[in-house]
2 protein chains.
Amino acid sequence: MGNLMDVIAAPRKESASCPVDFILRMLMGPWTTYILYNLKTHGPQRFGELKRRVSGVSAKMLTERLRTLEGAGLVRRDYEATIPPKVTYSLTSRGHELDDVLGRLAEVGMRWETEDAALRSLRATELKAAE
Amino acid sequence: MGNLMDVIAAPRKESASCPVDFILRMLMGPWTTYILYNLKTHGPQRFGELKRRVSGVSAKMLTERLRTLEGAGLVRRDYEATIPPKVTYSLTSRGHELDDVLGRLAEVGMRWETEDAALRSLRATELKAAE
DNA sequence: GTCATTAGGTACCAATTCGTAACTCATGGG
DNA sequence: CCCATGAGTTACGAATTGGTACCTAATGAC
């Protein structure tokens, strides 16, 4: 009975063979989650708009990330050769397939955060009580 | 109605405030998924054992990753000060909380992989037919 | 005629990352 | 006496990363 996790076992060089590693590498490019999040919540939008929303990202970085996401089929790029040019980015259906997983990941992350915060405040009160 | 994904919107410098980003950054440290996978499937094990299993990782890297995972509470480190020393690593319950999400991520990644493979072979046959 | 506009491309530069090789501890085995 | 052992640590060095500043195209507005 091969477990789904079995697929993670591929420790080769460059680790090109593990789809989990591949997806994580994709998602973890700097700014990537912010880009995906903005495309998801604000819908299709132009390069400059996106750049303004993902505050702090450089044009170079944003371009590189979008190209990568496009290459992976998560994002669509619509180019209108007007002057000045108009380029609109949007999530593909494949891009939307991550909504669920990312939502769960957010859930776990938030649970840990509140747990840790609770622990910290508990420790703080203990310390005060011990004085 | 704040969506769970809302939590992703935190584009500040260093982005310390987004739990999804935090978790992804954690998981995406190099080798991390391989380490977690091995601890999950082969159970608690010693440093050298793990290093042999995660083939290609350097001691330095493995140490650094394990320390980070320990700091995040995903991995437990049991140190026996014998000579030579014996250090055993294992997943904490928090570490196991990722099983589900990672499984789903693997599912998505594998689906994409097979879809892409099907597309490629389709294209190949089309090209042959066009000759 | 010159300036601003959009979506980048390019060159350069500093900082970070990760691998390699050498070193460590105290002990048992040859 | 010397070496191997386990779990690292340290120093060094090459490669990658990501930021900044500057360049581009063709047009309309001033």
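Naming: A, B, ... by sequence-line order, numbering from 1 per chain. Because the structure is predicted, anything quoted here is derived from the model rather than measured.
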Can you tell me the distance, in whole Å, between the CD atom of A/Glu80 and the C1' atom of D/dA25? 17 Å

Would you kindly give the CZ-to-C1' distance between A/Arg25 and D/dT16, to the nearest whole Å? 13 Å

NZ/NE/NH1/NH2 to OD/OE distance under 4.0 Å, A/Arg120 and A/Asp116: no

Whether B/Tyr89 contacts D/dG8 is assessed here as follows: a side-chain N or O lying under 4.0 Å from the phosphate OP1 or OP2. Is that the case? yes

So which of residues 65-78 of chain B are in contact with DNA chain D, with a heavy-atom cut-off of under 4.0 Å? B/Arg67, B/Arg77

Excluding sequence neighbours, so at least two apart, what forms side-chain hydrogen bond (donor to acceptor under 3.5 Å, both in side chains) with B/Arg111? A/Glu97

With A/Thr63 via side-chain hydrogen bond (donor to acceptor under 3.5 Å, both in side chains) - residues at least two apart: none

Rounded to whole Å, please give me the gap between NZ in B/Lys86 and P in D/dA7. 9 Å

I want to check something: taking the side chain as every heavy atom from C-beta on, are A/Leu98 and A/Leu91 in contact at a cut-off of under 4.5 Å? no

Could you check how far NZ of A/Lys51 sits from P of D/dG18, rounded to whole Å? 16 Å

Filter on side-chain hydrogen bond (donor to acceptor under 3.5 Å, both in side chains), then keep only pairs touching residues 73-88 of chain B, sequence neighbours left out; what's left? B/Arg77-B/Tyr89

Does C/dA7 have its OP1 or OP2 closer than 4.0 Å to a side-chain nitrogen or oxygen of A/Arg46? yes

Distance in angstrom units between B/Phe47 CZ and D/dT5 P, rounded: 15 Å

Considering all heavy atoms of both residues, which atom of B/Glu115 and which atom of A/Arg94 are nearest to each other, and what is their separation? OE1-NH2, 2.8 Å

Rounded distance (nearest 0.5 Å) linking atom CG of A/Leu50 with atom CZ of A/Arg52: 10.0 Å

Can you name the nearest heavy-atom pair linking A/Asn38 to A/Gln45, along with the distance? O-NE2, 3.2 Å

Can you tell me if A/Thr32 uses its side chain to pair, donor with acceptor, with the backbone of A/Met28 under 3.5 Å? no

Protein proximity profile, nucleotides 10-30 of chain C - base contact B, sugar-phosphate-only contact S, no contact -, cut-off 4.0 Å on heavy atoms: --------BBB-----BS---

Defining pairs by Watson-Crick or G-U wobble geometry with both distances under 3.5 Å, how would you list the stems of DNA chain D with at least three pairs each? C:1-30 with D:1-30

Is there side-chain contact between A/Val101 and A/Ile23, with heavy atoms separated by less than 4.5 Å? no

So which one's nearest nucleotide on DNA chain D is more toward 5', B/Tyr79 or A/Gly29? B/Tyr79

Treating A/Thr33 as the side-chain partner and B/Asp21 as the backbone partner, does any N or O pair qualify as donor plus acceptor under 3.5 Å? no

